[in-house]
Amino acid sequence: MTIPFGHALAFAAALFVLGLSCVLLRRQIMMILIGVEIMLNAASLVFVAASAYWRQVDGQIFVMLLMAITAAEVAVALAMVVYLWRRKRTLVADEFNGMRG
Amino acid sequence: MSLLDLLALLPILILAFGGTAILMAGAWYREPRPLLAGGVATALIAAVAAGMVQPPTAEIAGLFSAGGYARFFTILWALLAAAGLMVAARYIMEKGLGAGEYVSLVLYAAAGMALLSSAIHLLGFFLALETFTLAFYILIASNRRCALAAEAGLKYLLMGAVATGFMAFGIALIYAVSGTLALPDAARLTTTAGELLPWGLLGWGMVLIAVGFKISLAPFHLWTPDVYQGAPAPVGGLLATGSKGAVVAALVGLLAMSGPVWHDLTDLLWLLAALTMLAGSLGALGQKNLKRLLAYSSVTHMGTLLVGLLCQSSEGLAATTFYVVVYVLTSLGAFAVIASLADERGEPMAFDEWRGLGHRHPVRCAVLVLVLLSLAGLPGTAGFMAKFAVFQAALQSGYLGLVLVGVFASVVSFAFYLRVTMLLFQSEEPASPRHAGTASEHAVLAACTAAILVFGLFPGILFDLISRILP
Amino acid sequence: MNHSLLFLIPLLPLFCAVINLLFGMRLPRLFAEVMAVTGVAGAFVLTLIFWGHAEGEGTRAVLFTWLNSGTLDVSFALNFDRLAAPMTLMVTGVATLIHLYAVGYMHEDDDYGRFFALLNLFVFAMLVIVLADNLLVLFLGWEGVGLCSYGLIGFWYRKLENAKAGTKAFLVTRVGDVFLGIALLWLFALTGTLSIDAINDQAAAIPSGVVIALSLLLLLGACGKSAQVPLMTWLADAMAGPTPVSALIHAATMVTAGVYLLCRFFPLVSLSAVAMTAITAIGALTAIYAATCAMAQREIKRVLAYSTMSQVGYMFMAVGAGTVAGAMFHLLTHAFFKAVLFMAAGCVIHLAGDENDIFKMGGLARRGPVELFWVFLAGAVCLAGLPLTGGFFSKDGILLALFTHPDPVYRVFWLVGVLTALLTAFYTFRLVYLVFAGDYRGAGHPHAIPLLMRWPLWPLALLGLAGGLLNLPAFVGGGERLHHWYGALAGREVSASHDVEWMLIALAAAIAAAGWLAAHWRYRSYRPPLENRASRFLLSGWQADALVDRLFVRPFAAMARFCSSGCDRTLLDGTLDGLARLVSSWASMLVQLTTGRLTTYLSAFAWGFLIVLGWFLIKLVNGGGH
Amino acid sequence: MTMLASLPQFPWLSLLVLLPLGGALLCLLHSGRAAECRALALATSLAVFGVALYLFVCHGQGEGRWLLYEDSAWISRYGIRYVLAMDGIALLMVLLTAFMQLAAILLAWKVERQVASFFALLLLLESGLMGIFLAYDLVFFYLFWEVALIPMFFLISIWGGVNRRRAALKFFLYTLVGSFFMLVAMIALYQIHGGQTGVYTFVIGELLQTRLTATQEGWLFAGFLAAFIVKSPLVPFHTWLTDALTEAPAAGSLDLTGLLLKTGIYGLIRVAFPLFPNATANFLPILGVLALVGLFHAAWSAYHQDDIKRLLAYSSISHLGLVVLGLAAWQLTAWEGSILLMVTHGITTGALFILVALIRERTATRSMQELGGLWGQVPCLAFFFLLFSLASLGLPGLANFAGEILVLLGTFQDHPVWAVVALLGVVFAAAYMLRLIQGVIWGPAAKERSLPDLTPREWLMLLPMALLVVWLGLYPEPFLAPLHGTVATLLAGGLP
């Protein structure tokens, strides 16, 4: 029983919009990063669905690589978060507005 | 990945493994000078390899092409990395940063850019893009002592992450619609037309958003001034030239291979190009900080580049490639001047730090003036030939409206560039003198000046080279 | 003798002028004076030598091409013919005597180099006008004369009103030059050439309407230079210059240049009766206007200036009446006696301790050398037109021409002429009585009058008195030598029955006597000047200056203010600065967008996404047709 | 046009353009020692003047369309060629540039701040001007058109007067907007020509044969016009000139008024009119009216000024209005008069600017209230001031009159009303010039000062100009001779 392709797409789209709104609405850096992760997972979902629909393995390989890249990105992001916490003792994104105009 | 593929990938391998080797060496041997020399040597060797070695196969594992176009840009990015390292030498030594880490990151970034420029497969495109973006996340925040650097790093990181999200989802949609990730066919979207096409276009739209962030197109450009101001000048130089240039090179390569495929996207691109040019030039008008001004000016230039891409004619692509090469050289020159003037009090950024510096450092300020005038598009400099080529291509494809917006942007850009040049040679209450600059910086500056004048007065050389390498 | 030697006549004064200009101040004063006088005297002698060339058609000398472009081919050419010869002789002769007088007059002035250079330059320019063969060379002389009068009037530039008078003279004459310029352009367009003789020959071919317009333009051009009614306000103020200047420029030469121009173009002008009437009307109007103003003047030189204006009016009437010989006759005699009067006035001013106001003089006959009174009287007698004097015959000739003119309206002009003759006699003798009769009313101590200021007066006085012999009318047994000398150029043959001529002569004599008696009755015993509105009105030359000021000067200045601050500063610069402010306001709006906070940057992403979604929906709606 | 193969003779024109450039670079190399820079600059400008004189004497009377023609490939991709062509008009302009440059360098002898870069910029400006007058390829022309702006911009913004920066920026941007429209029009013409004949080139000689529809021609002509109208300041676009001139340093204002203003009109004659004959034909009446309005507006404004430099700026605009009127009359004599007037105006107004600079050096003021009575204090300087003011006033026998009378005579043939109105403008010229003369020379001295009279250097500057002014006034024949052929061809639709 394969799930129709449209449903998977719709679900992934919903997931993507969820991630995006999490990025836009939350003020903590950590929550923004989590939002980004949700968006990436939505993309992986579409890949898997498409790979199933097209009966090709490209999508899944892409998902593997996507996970690797996401891991690298999260590593760097968390290092940055730790570094920022040690500097400013706050993780609210809008605190960092030293430069403007 | 047969042996032949590896041989075709040689220059990028040299960069990658060279970087790793220097990273490892840096762990034991802290002395920065040899590491820097090693980095520059690696970059130069990679450039020579890309130039000399004739790649046996045209494509590498279906992901990257090894044709003339790719090798041209590999040479360019390798040379850029070498120049970036030479400019950053004094900065690393004075700030006491880890020479090994800095050099390896720059080399990885160079490798990423070279890969991106030769990407013929969405996966390769995505991978290459992410490699050098990650490298830049760290490079921007490398100066631990400066709070602004951290803030710039954060902004670049978060925006980059969101862009990656969009990119991934975009590629996914394209894949869903077209069933393939190889660029020429994915771009054409003709195979499975019918009712799914708009979703494919949405996919390309979202890829465009990610690209928009990367080369700071209009609504996505707000991070640019803060990141350029925060990042140290040598990193800013690479960021402004390399990361943007590579993406545009990739797009040009894509369009060159698949022919005019973006006819559905033209009205969106038209809007973005106009918005970008206006936002960039008007934004720069009110600036009081040179690096922020350069950021906005790079936004304007990206708008003009988009006009070149929009034409989708062979003229347009040749003009865009010429424009990218010229833009890379001139922006590098600008940031190199700022880096060479930096001293213990930091880099001269605000306008009153620049007032009257022309009297103290006449030669370098003259170079800066030449660079600014080239960015503005004064005839006789390479900038003019680039803008002339793009306008000519745009007019040929009938985009008179965009050309007029370009003219308005050029006039406004002349205004703020000339305001800076007047500032430099102001005689009343001049700023205190800055650092005299080292030999390597002067070498880079000399190279950039020579490039601006040579490509300005004798652009035939570059035009012939480009028409040979464009597929 | 080679024709191009003719060029020596104008070039000699020019050469001396340049020498004086460059080395005048460095070399001893005597050198400058000798150079100046010899320059003009040399020209006088040369004119006599070349007198033979003037007979018949006259000789034309060409130096080199001046302007050659397309159909235009103008060269520096002189035409020494019957009309030019006597005029040249008069100009150089009177100028020589006036130069001698000037040497004495300017004795104490230290800026003599510039003075003599300008005086010589003036003579050069005047000779160029007289001898010009084509209109462009005439225009060169025309403006040159204007420049020299500007320089000489404003000679004592330290006092601002002198400089202002000079500027006013230059500007008003420049207005006249514009009309001459228009005539020049039109003639070139019509006839394709600028040579005066060629124009006169083709005059018949020009349509009558155009001839009238051209003549009126020439008339207005002449009025500018000869200070006739519409453009006469500068002459009175021109008295600010030194007296020899007034004598030379504003008596003998420059003011007559207008008459000479009309005589030169007589064949063209005489074609249209309307133009001739206009010329006569202008002449008559100026004559009566100047005569009335002269009556109320307080300064000696201003009286003489207005009288000059009036006499030139007579010459215009003569040209209008068709007799060129009559006009030139009056021009020559007037040059002699007016020069004498001005020079004598110079001596009188010296005697009265540099006092100009005649009501502060009186009894000067006894204070200075006795012959000064007699020479002044000789000039005055000629001016008043007492019988047998030069002035009498020349003025009577004009009145005769007016009287016998076929057109009835000339009778009116004749009447005006007679009335002006009466007024002339009155103000002349008013001047004589106020200056010489009674006892000295002024406070100044007399300067000694150098010999050179007294000696040159006599020849001119005699020439003035004996001027009549030049063109003695036939019925008195005269040979009308001037009329025959001009031959074809002389214009209408004036002839009338004997009793008409005797009646006119008697009338003229009676008028002169009446004028004298009136002045005698009025000013024999000194009476202070009557101060009423009429006298102030006349003193200020019928409020002409105020009129010109309100009509032209003030609106010009207002327009200037409007143009420069109104248009340029507010309108043009305003729009530019407004544009600049608009663009920079856009810029500041945009800059506020980068607030520095991350959330705004991410929301920008959202806006970007919305744009793409919107564009995507459009594509979705129209079926993604591609 | 059969391309006149560049005859294998000495590249005089390239020498004219590159010699000042070389001089400028040498000046920069000697930036340390001021005396050497001055000598170097003088030597270069003398050499250029020598070359120009030689060309005037030896190559003055060629018969064909061009006296000298140099052509070689440059950017073959766009068909841009390195073409330098000299006809009669270019010859006169080159001679004027060389002469004025000599005067400018002499005038700039007493500059102290950054002497080397001042002279380098002056020489760069000269090279730019030579390029504008000689280039016959649109992009090459555009290159020099902008390159000439940069030195002027720096001269004003660094060595200028009080609010020099605003004036410099306004000057640059004003001409820039115009030239950008020209660039777009140039590219469009290039593409249309390419489309029609398959030959993609920017050489004006080739582009003359493009057959354009009325609307195309109208728009392209408007593009070129935008650049040239702004530069030869026709009235509504002239406010940049008055600011730039009053703020520019002495030598800068000399070059600005003497030469840069001529480039606008020269561009009209050489580029705009020949390329678009029909659009020109129905634009001429508008041009004539604009010129007249300019003539009067500038004359009135000049009358109202107190600063003598600003007054002279307005007088320049008024004179150039007359020049443009001559061009609008489209008649041989009028054109020759205009070109002659351009040369003579360069000399007379240039000399007046020199004198204003000398007066400012001595009395440190330029306002008429504080000047006056200079004749007593500095007679020689005052004499020259009088001579050149009278020349600028159009006194017959002096330089400007010859040009003005030719323009008026030529214009009267077809447009009598224009000529009469222009003649009236000449009276206005007398009004403001006399006010200037009276304010500066005559009248009581506002402040008693003991002023040094002319030094030998100043004599060296002014005497040749005075002699030239008199010579041009009395015998302009040698300067008119080269024009006859060129003007005739340009007027006849100019298909060489």
Side-chain angles (χ1 to χ4, degrees), chain A residues 5-6 8-9 12-13 15-17 19-20 23-24 29 32-33 35-51 53-56 58-59 61-63 65-66 68-70 72-77 79-81 83-84 86-88 91 93 95-101, chain B residues 121-123 126-127 129-131 133-135 137-138 140-141 144 146-148 150-158 160-182 192 196 199 202-203 206 225-230 283 286-289 291-292:
Chain A
F5 191 41
L9 272 184
L15 197 63
F16 184 82
V17 167
L20 187 60
V23 164
L24 294 178
I29 299 177
I32 294 173
L33 283 175
V36 167
E37 291 316 318
I38 295 168
M39 284 158 63
L40 285 169
N41 292 345
S44 307
L45 188 64
V46 168
F47 265 113
V48 168
S51 153
Y53 175 72
W54 290 98
R55 301 222 184 320
Q56 280 173 353
D58 295 5
I61 296 166
F62 199 101
V63 169
L65 286 171
L66 190 61
I69 289 170
T70 319
E73 212 175 292
V74 162
V76 170
M80 177 69 77
V81 162
Y83 172 56
L84 289 174
R86 198 173 299 131
R87 284 194 72 88
K88 274 209 163 178
L91 278 185
E95 290 303 319
F96 301 91
N97 51 17
M99 296 178 276
R100 65 165 54 80
Chain B
H121 188 279
L122 277 176
L123 179 61
F126 186 70
L127 273 180
L129 193 69
E130 284 315 311
T131 23
T133 318
L134 284 176
Y137 290 157
I138 306 158
I140 289 171
R144 276 191 298 286
C146 158
L148 293 184
E151 186 186 316
L154 170 72
K155 284 179 179 171
Y156 192 65
L157 179 95
L158 279 186
V162 172
T164 317
F166 274 101
M167 171 77 84
F169 198 83
I171 293 177
L173 277 181
I174 295 170
Y175 179 62
V177 165
S178 67
T180 164
L181 283 169
T192 62
L196 276 184
W199 292 97
L202 178 62
M206 296 176 86
D226 295 358
V227 170
Y228 282 24
Q229 182 183 358
Q287 284 313 318
K288 286 284 170 285
N289 176 318
K291 283 172 97 175
R292 295 188 79 90

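Since this is a predicted model, take the numbers as computed values, not measurements. Lettering follows sequence order; numbering is per chain, from 1.
- A:Thr70 places none of its side-chain heavy atoms less than 4.5 Å from the side chain of B:Thr164.
- To the nearest 0.5 Å, atoms CG (B:Leu158) and CZ (A:Phe96) are separated by 9.5 Å.
- B:Leu157 touches chain A through its side chain: at least one heavy atom from C-beta onward sits under 4.5 Å away, while N, CA, C and O do not.
- In this structure, A:Ile61 CD1 and B:Leu181 CG are separated by 9.5 Å, a value rounded to the nearest 0.5 Å.
- For B:Gln287, there are no side-chain hydrogen bond (donor to acceptor under 3.5 Å, both in side chains) partners at least two apart in sequence or on another chain.
- Proximity to chain B is absent for every atom of A:Ile38, based on heavy atoms less than 4.5 angstrom apart.
- From A:Met39, atom CE reaches atom CE of B:Met206 across 7.0 Å, with rounding to the nearest 0.5 Å.
- Among A:Ala93, A:Ser44, A:Ala79, A:Ala50, the residue with the largest count of heavy-atom pairs under 4.5 Å with chain B is A:Ala50.
- Among B:Gly170, B:Gly286, B:Pro225, B:Gly165, the residue with the largest count of heavy-atom pairs under 4.5 Å with chain A is B:Gly165.
- Put simply, of B:Val162, B:Leu127, B:Leu154, the one with the most heavy-atom pairs under 4.5 Å next to chain A is B:Leu154.
- Side-chain N or O atoms of B:Glu130 include none that pairs as donor or acceptor with a backbone N or O of A:Ile69 at under 3.5 Å.
- Between A:Asn97 atom CG and B:Asp226 atom CG the span is 9.5 Å, to the nearest 0.5 Å.
- If you measure heavy-atom distances from B:Gln229 to chain A, the contacts under 4.5 Å come from both the backbone and the side chain.
- A:Ser51 touches chain B through backbone and side chain together, each having a heavy atom under 4.5 Å away.
- Interface remark: B:Lys155 contributes side-chain atoms only to the contact with chain A (heavy atom separation under 4.5 Å).
- Neither the backbone nor the side chain of A:Asn41 comes within contact range of chain B, judged by heavy atoms closer than 4.5 Å.
- B:Thr180 contributes atom OG1, which lies 9.5 Å from atom CH2 of A:Trp54 (distance to the nearest 0.5 angstrom).
- Below 30°, between 30° and 60°, or above 60°: for B:Phe126 and A:Phe62 the angle between ring planes is between 30° and 60°, a tilted geometry.
- For a residue to count as touching a neighbouring chain, one of its non-hydrogen atoms must lie under 4.5 Å from one of that chain's; by this rule B:Ile138 touches chain A with the side chain only.
- In this structure, B:Glu151 CD and A:Leu84 CG are separated by 9.5 Å, a value rounded to the nearest 0.5 Å.
- Heavy atoms closer than 4.5 Å to chain B are found in the side chain of A:Tyr83, but not in its backbone.
- For A:Arg87, the CZ atom is densely surrounded, since the number of other residues' heavy atoms within 6.0 Å is greater than 12.
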